[in-house]
Amino acid sequence: MTDTTGSPDTTGSTAAGAPTRHPMTGNRLTADSAAEGHGFEEHEYDVVVIGAGGAGLRAAIAAHDAGARTAIVCKSLLGKAHTVMAEGGIAAAMGNAYPEDNWKVHFRDTMRGGKMLNHWRMAELHAQEAPERVLELEEWGALFDRTSDGLISQRDFGGHRYARLAHVGDRTGLEMIRTLQQRAVALGIDVFMECTITEIFKTPSDEGERVSGAFGYWRETGRFIVFKTPSVVLATGGIGKSYRVTSNSWEYTGDGHALALRTGASLINMEFVQFHPTGMVWPPSVRGILVTESVRGDGGVLRNSEGKRFMFDYIPEYFKGETADNEEEADRWYEDKTSNRRPPELLPRDEVARAINSEIKADRGSPHGGVFLDIASRRDAEFIQRRLPSMYHQFKELADVDITAEPMEIGPTCHYVMGGVEVDPDTGASSVEGLYAAGEVAGGMHGSNRLGGNSLSDLLVFGNRAGIDAAQTALKSGNQSLQVRDEEVRAAAERALAPFSIAGAENPYTIQYNLQDLMQNLVGIIRKSDELSTSLREIEALKERASRLSVEGNRQYNPGWHLALDLSNMLLVSECIATAALERQESRGGHTRDDFPGPDPHWGGRNLVLTLGDDGRVQLRHQPLPAMPEELQDLFEAQP
């Protein structure tokens, strides 16, 4: 049995020759150096990537190709990342469906979708480099759907002027992970599966402090592990498990956001949380599971309990010029996209989610508290099963609904956070030397709202950039300044083991339930000043209760202990979201204030930046948006 006292682990000695590996997972079971000093398993790499989704895998591949000794550390098993839930496609202006599509149109769509709060440089790089990253996946073995002339097929999605999502049926994220995982394994990159990082270490440098390592534990055994590294890439995904109804998997507890804050980096745009408009609502056991936007891109429409196609009542002034205002034009668009405007079902996600929420509140919802998504009356069964095989199977198996014959019940589900670590747009570097972020954990790219399909291309573009710069930084340093003090490691172990030493106090599952409840009810789709203030008081009370968390049993695969460690991250990130949401007195993108119902130009020119003070409290400051070059500003003068 593994003890809970923090005494040294004894499995960290170096074996002669090749490292010993776990017979099932392939995880390394031997350390790079003897268990001396702190007494725990220790490894040394040039770059350590935390997270094995699309951004993490692409960063690791880039770092390896740049000559760095690279490791991937992930909470779950390799291949189980939440990236697989991105089903619709990878947004890239390849021009396969419409030759007139190009990076400038994609850039414009992305900025307008984010209500102009995006970092323009990130949106520019993303639009320019996404096609190359998609072709790279194809070279590595990704099997995309094809057009009649053999090009990669591209489908329509909300907010995109042209069909530009490269896809594999409605399983694109799965194919992307399969391809990147295969590539990483083929390159021989070390992977530490079912291993959670709880702290990042720093050491003095010429410019202050820089990253020197990371501390974590094996989920299976509870034993601790230390990584010495000058470069850490955060690719941990989002924060959705702080909400009751979410499409996110269990790993999404805001680990990277919290690690960055505690290491001294800043977060940006944390008030902007995307509620995907279409998640399953019935039965209760599957509530929140994602229903891909591809259903609407392929012709599906939204109806209320009266059978009305209600989205025509919710077209905002901002998008009226490019959105059909009647069913006839909307339906013609599927056959002739040049002469007709887009259906309102393909408005950006924030607009659609608010419209659905309004219909439900007006008692025009479906029997189980959603609305209806209907593709059965608009496409034949063969088309639906060919284009949407995962959705057909998902509803048939989980809800006993045949989507080729009847409509689906759907409703908004917490899906994505636009906010994240503030990074340099060209390198993915944070304000802490040696600390990088890519993917959902990084902020700035999507502004106040992310367009569907931009997530997968975001992972590829900025995962690649972060991996390259992390490797270059590490190789320049020569690892000569790496210092991880034994007392730091032992203190990290004591903090991790603290819940075992508190008897008869708070249960982590109860605190998580209370947190999810208050975030769903008080910091959800529609927000109010008094409710946000209440949420902050309740989060503070939960933090006090969390200081008295108690877990039972031992360290060997103990889910209660794992949750107790995750809760500190969830509470910190939830406080950041509520703090920024209370401060921003306007409605924009994924942040809707009932008491400030419209956008305000004053707020449209500033970001909210969050840091952690020396006293451990969240601090907020305003920061002006970076100025966009005139040649890019001119793109918004042109008519759609």
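For clarity, every value in this text was computed on a predicted model and none was experimentally measured.
Thr427 is linked by a side-chain contact (heavy atoms from CB on, under 4.5 Å) to Asp424, Ala429, Asp469, counting only residues two or more places apart in sequence or in another chain. Residues passing the ring-ring contact (aromatic ring centres under 6.0 Å, His included) test with His160 are His106, sequence neighbours excluded. In this view, Phe107 and Phe636 satisfy the ring-ring contact (aromatic ring centres under 6.0 Å, His included) rule, not counting sequence neighbours. By the side chain to side chain donor-acceptor pair (under 3.5 Å) test, Arg387 is found to be paired with Asp298, residues two or more places apart in sequence or in another chain being considered. Remark: Trp282 engages His368 in a ring-ring contact (aromatic ring centres under 6.0 Å, His included) (not counting sequence neighbours). Partners of Ser76 according to the side-chain contact (heavy atoms from CB on, under 4.5 Å) rule, which considers only residues two or more places apart in sequence or in another chain, are Lys80, Trp250, Glu251. The ring-ring contact (aromatic ring centres under 6.0 Å, His included) search around Trp603 returns His622, not counting sequence neighbours. By the side-chain contact (heavy atoms from CB on, under 4.5 Å) test, Glu139 pairs with no residue at all, sequence neighbours left out. By the side-chain contact (heavy atoms from CB on, under 4.5 Å) test, Ala437 pairs with Leu234, Val421, Val423, Val441, Ala442, sequence neighbours left out.
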Would Asn449 and Gln274 count as a side-chain hydrogen bond (donor to acceptor under 3.5 Å, both in side chains) if you check the C-alpha gap in whole Å, the side-chain angles of each, and the deciding distance to 0.1 Å?
CA-CA 7 Å; Asn449 177 60; Gln274 182 175 90; 3.0 Å; yes
Would you check, one step at a time, whether the test side-chain hydrogen bond (donor to acceptor under 3.5 Å, both in side chains) holds for Thr110 with Asn118?
CA-CA 8 Å; Thr110 297; Asn118 323 55; over 6 Å; no
Before you tell me yes or no, could you show the steps for Arg146 and Glu138 under salt bridge (charged side-chain N to carboxylate O under 4.0 Å, His left out), namely the whole-Å CA-CA distance, both residues' side-chain angles and the distance that decides it to 0.1 Å?
CA-CA 12 Å; Arg146 297 284 164 178; Glu138 184 182 40; 2.4 Å; yes
Kindly indicate, with the supporting measurements, whether the criterion salt bridge (charged side-chain N to carboxylate O under 4.0 Å, His left out) is fulfilled by Arg164 and Asp109.
CA-CA 11 Å; Arg164 65 166 64 101; Asp109 290 345; 2.8 Å; yes
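Not one N or O on the side chain of Glu351 forms a donor-acceptor pair closer than 3.5 Å with the backbone of Ile315. Checked by atom type and distance alone, the side chain of Gln154 pairs as donor or acceptor with a backbone atom of Ala92 at under 3.5 Å. For the pair Arg378 (side chain) and Gly299 (backbone), a donor-acceptor distance under 3.5 Å is present.
Tyr243 and Phe275 have perpendicular rings, their planes meeting at more than 60° on a 0 to 90° scale where under 30° would count as parallel.
Within a 6.0 Å radius of CD in Glu382, other residues, nucleotides and ligands contribute more than 12 heavy atoms. Residue Asn326 qualifies as enclosed at atom CG: its count of foreign heavy atoms under 6.0 Å is above 12. Within a 6.0 Å sphere centred on CD of Glu100, other residues, nucleotides and ligands contribute more than 12 heavy atoms.
Residue pairs satisfying the ring pair (Phe, Tyr, Trp, His ring centres under 6.0 Å) criterion with at least one member in residues 294-339, sequence neighbours excluded, are absent. Residue pairs satisfying the ring pair (Phe, Tyr, Trp, His ring centres under 6.0 Å) criterion with at least one member in residues 384-417, sequence neighbours excluded, are listed as follows: His276-His415, Tyr416-His446. Applying the ring pair (Phe, Tyr, Trp, His ring centres under 6.0 Å) test to residues at least two apart or on different chains, the pairs with a partner in residues 79-105 are His82-Tyr252, Tyr98-Tyr162.
A salt bridge between Asp145 and Arg155 is absent, with no side-chain N of the basic residue lying under 4.0 Å from a carboxylate O of the acidic one. Using a cut-off of 4.0 Å between Lys/Arg side-chain N and Asp/Glu carboxylate O, Glu293 and Arg349 are scored as salt-bridged. In this structure, Glu136 does not pair ionically with Arg183, as no charged nitrogen and carboxylate oxygen lie closer than 4.0 Å. A salt bridge does not link Arg450 with Asp458: none of the charged nitrogens is closer than 4.0 Å to a carboxylate oxygen. Between Arg341 and Glu329, at least one side-chain nitrogen of the basic residue sits less than 4.0 Å from a carboxylate oxygen of the acidic one, meeting the salt-bridge criterion. By the 4.0 Å N-to-carboxylate-O rule, Arg171 lies too far from Glu175 to be salt-bridged with it. Salt bridge annotation for Asp600-Arg593: absent, with no cationic side-chain nitrogen under 4.0 angstrom from a carboxylate oxygen. A salt bridge does not link Arg296 to Glu345: none of the charged nitrogens lies less than 4.0 Å from a carboxylate oxygen.
Atom CG of Leu180 and atom CG of Leu137 lie 5.5 Å apart (nearest 0.5 Å).
Nearest heavy atoms, Leu290 versus Met391: O-CE, 4.0 Å.
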